[in-house]
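Have a look at the structure below before the remarks.
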Amino acid sequence: MALAAQFLLRIPQLGRKNINFPSYKHRGNYQPLFLSCNYSTNDNCSSTSSSKKKNYLELTDDELLRECEMDTYKSSGPGGQHRNKRESAVRLKHVPTGVIAQAAEDRSQHKNRASALSRLRTLLALKVRSSVNLDAYSPPPQLLQILPPKSTIRSSEVGPQIGPNNPKFALGMQALLDLIFAVEGSVSEAAKLLGLSTGALSRLILSDDSLRMAVNEFRTSKGMKPLK
Amino acid sequence: MRVSLTRACRFYTSPITPKPSFFSPRAILNQPFSSSSSSSSHSSTPKPKTPLFLKPPKYSATLSDLKKWHNWAKALASSVRSTFADSDNGPDSSILFRELNWLVEDSLEDPSLIPQLGFQNNSQSVRLRIGLDELYGLWKQRIEKRKPFQYLVGCEHWRDLVLSVEEGVFIPRPETELMVDLVSDVLVRDNDGLRDGFWVDLGTGSGAIAIGIARVLGSKGSIIAVDLNPLAAAVAAFNAQRYGLQDIIEIRQGSWFGKLKDVEGKLSGVVSNPPYIPSDDISGLQAEVGKHEPRLALDGGVDGLDYLLHLCNGTASMLKPGGFFAFEVPISSFLVEVEFTFSFKPHKYHVVEIPFICTSSGSFLKTNGEKQCKFLKNYLENDSACSFCNVSIVSDFAGIQRFVTGFRQ
């Protein structure tokens with residue numbers, strides 16, 4: 001990544017300044033950000049288009065963190081040895097999408113940062129949509145992983161079913177929501193494409209609160225009844 | 001305790017007259033203190049205090065008495081409002097409320113009872129790790145004397161650790177948490193067997209950095225944690241033992257490189273968060289820091305850079321080729337304006353990698369005055385250009401330049 005030949009490199013205070021975010025409510029009506037990614041879910045999200053259209057959930061923790069602004073300090077100042085004010089709450093704003101996640105329950109900033117990042121992944125899965133090619137639909141591996149073993153398209157190579165506590169669940173949830181959006185909220189249609197009965201897919205959706213809420217909000221917006 | 005000024009002259013390669021205030025009266029013991037040493041029999045090894053959350057719950061109080069205390073403590077915290085913040089950038093009431101919750105958490109044998117504090121006139125008895133009257137005393141000290149919260153509860157949560165701290169020992173800062181990640185990243189790309197070598201944490205205090213690094217080293221790696229203050233050495237040893245790391249971390253009481261002759265030229269890594277506050281700035285800091293934390297751990301001399309200078313001068317000979325160093329630095333001491341024709345590679349944590357070359361045109365940005373520029377100039381011209389490579393300035397999550405790292409050529 002070489003820059004132009006000669007330049008005066010002044011190393012400024014890198015990173016961002018403190019920004020006061022108003023309290024953020026992410027429950028309720030959200031507008032899903034629809035990235036018209038148009039990549040087939042067959043390949044590993046290595047999009048051939050510009051680097052902006054990527055799957056944020058496939059970034060490592062460090063890469064994802066790099067795309068965020070972290071707001072912990074309400075006051076400015078040098079910090080470090082100069083300061084003993086424990087504001088361990090962490091608020092992460094994912095700059096490319098504007099999604100915000102926070103954590104405050106731990107006494108260590110480090111742990112709150114980890115919690116906030118994990119919450120951010122979930123929120124990104126819930127909010128960031130990619131389009132899906134229904135004509136030649138093949139569920140990506142991360143989606144197969146969250147399906148129950150009885151799914152007829154799920155081979156044994158996929159490994160055991162992973163649940164909501166697994167860090168990879170967010171990736172699968174994202175792919176599932178992409179599909180549900182593509183079929184306009186029809187669980188039965190989605191179930192067919194996943195080799196499951198409608199009931200089995202329904203149960204999967206209901207097994208996680210945020211997944212259930214996301215699906216139901218979308219269904220409601222399409223005039224359909226929420227899943228129970 | 002004897003204050004040894006002759007030792008002071010050995011520290012510095014530049015003629016800086018050490019001020020008596022550098023040395024905390026309790027700090028100077030010329031005896032080696034090492035967990036493997038049996039020679040120093042007459043030095044009194046300080047006994048580290050047990051943190052509150054580890055104390056046995058041998059006290060009790062009724063819920064209503066506890067509630068009474070809690071209400072009193074909340075009112076006291078509430079009365080502060082923003083007076084501390086306005087006077088010396090200290091905590092405001094909301095921060096104090098949070099600290100009060102943590103104090104209760106550490107005091108109760110069963111913290112799940114906390115919601116029940118809301119019920120009036122409850123004569124049910126609860127077990128406590130501290131007497132109720134002592135709780136009154138502690139919180140009074142917090143508010144009236146600005147005693148740091150961490151000294152009240154005897155611990156600090158740092159990364160995924162809980163470290164014992166007490167008066168006389170520096171409280172590890174959240175910014176320093178990143179130091180462990182910097183080392184961890186180096187070890188991931190490690191081609192020189194750094195992860196199985198000797199590391200050194202200079203000025204270890206509670207042992208925070210040493211313990212953090214010990215857990216990411218390879219199975220044959222080890223770390224020597226050095227501190228001048230025998231109390232810190234004792235507390236660091238206690239913390240290391242709590243995490244089962246006493247075989248990986250060796251504690252040496254002494255000054256900087258003074259007790260490290262045996263590993264000179266052999267080190268895989270040198271890390272430090274040395275005192276870096278200018279002496280005259282200390283009285284202006286928030287009272288929790290300036291009036292309660294050990295001056296020895298804060299005072300970096302007139303411009304705050306005395307120890308950093310010493311470290312930069314000494315590290316090259318301590319590291320083996322390819323060895324790594326990382327120092328935490330004070331804000332704005334490393335702002336540098338240079339001309340380069342090299343590629344600029346944005347890195348994680350907002351790192352800028354600067355391949356140092358001998359002929360940097362060096363028009364230095366003056367920040368806190370000429371001392372810091374002189375420091376940088378000395379560093380570049382005498383030492384680093386031939387000794388170090390891949391020197392980087394790493395910012396913390398707030399975007400403040402926090403660390404300088406690099407490798408021995």
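Looking at B:Ile95, the atoms closer than 4.5 Å to chain A (heavy atoms on both sides) all sit in the side chain, from C-beta outward. Residue contact with chain A, scored on non-hydrogen atoms closer than 4.5 Å, involves the backbone and the side chain of B:Trp102 alike. Heavy atoms closer than 4.5 Å to chain A are found in both the backbone and the side chain of B:Leu298.
Options B:Arg159, B:Glu99, B:Glu288 differ in how many heavy-atom pairs under 4.5 Å they form with chain A, and the most are formed by B:Arg159. Most heavy-atom pairs under 4.5 Å with chain A, from the set B:Asp92, B:Asp106, B:Val162: that is B:Asp106. Counting heavy-atom pairs closer than 4.5 Å to chain A, the top residue among B:Gly290, B:Ala85, B:Ala297, B:Pro275 is B:Pro275.
A side chain to side chain contact (heavy atoms under 4.5 Å, CB included) with A:Gln81 holds for exactly one of B:Ile171, B:Thr176, B:Asn273; it is B:Asn273.
Side chains of A:Asn84 and B:Gln150 form a contact here, defined as non-hydrogen atoms less than 4.5 Å apart.
In this structure, CZ on B:Arg98 lies 11.0 Å from NZ on A:Lys85, to the nearest 0.5 angstrom. A distance of 10.0 Å separates CZ of B:Phe149 from CZ of A:Arg86, quoted to the nearest 0.5 Å.
A donor-acceptor contact shorter than 3.5 Å links the side chain of B:Arg173 to the backbone of A:Arg83.
More than 12 heavy atoms of other residues, nucleotides or ligands lie within 6.0 Å of CD in A:Glu105, so this atom counts as buried by the packing criterion.
Scanning both residues, B:Pro174 and A:Gln109, for their nearest heavy atoms gives CB-NE2, 3.8 Å. Closest approach of B:Glu177 and A:Ser108 over heavy atoms only: OE2-OG, 3.6 Å. Listed here is the closest heavy atom pair of A:His82 and B:Val289: O-CG2, 3.8 Å.
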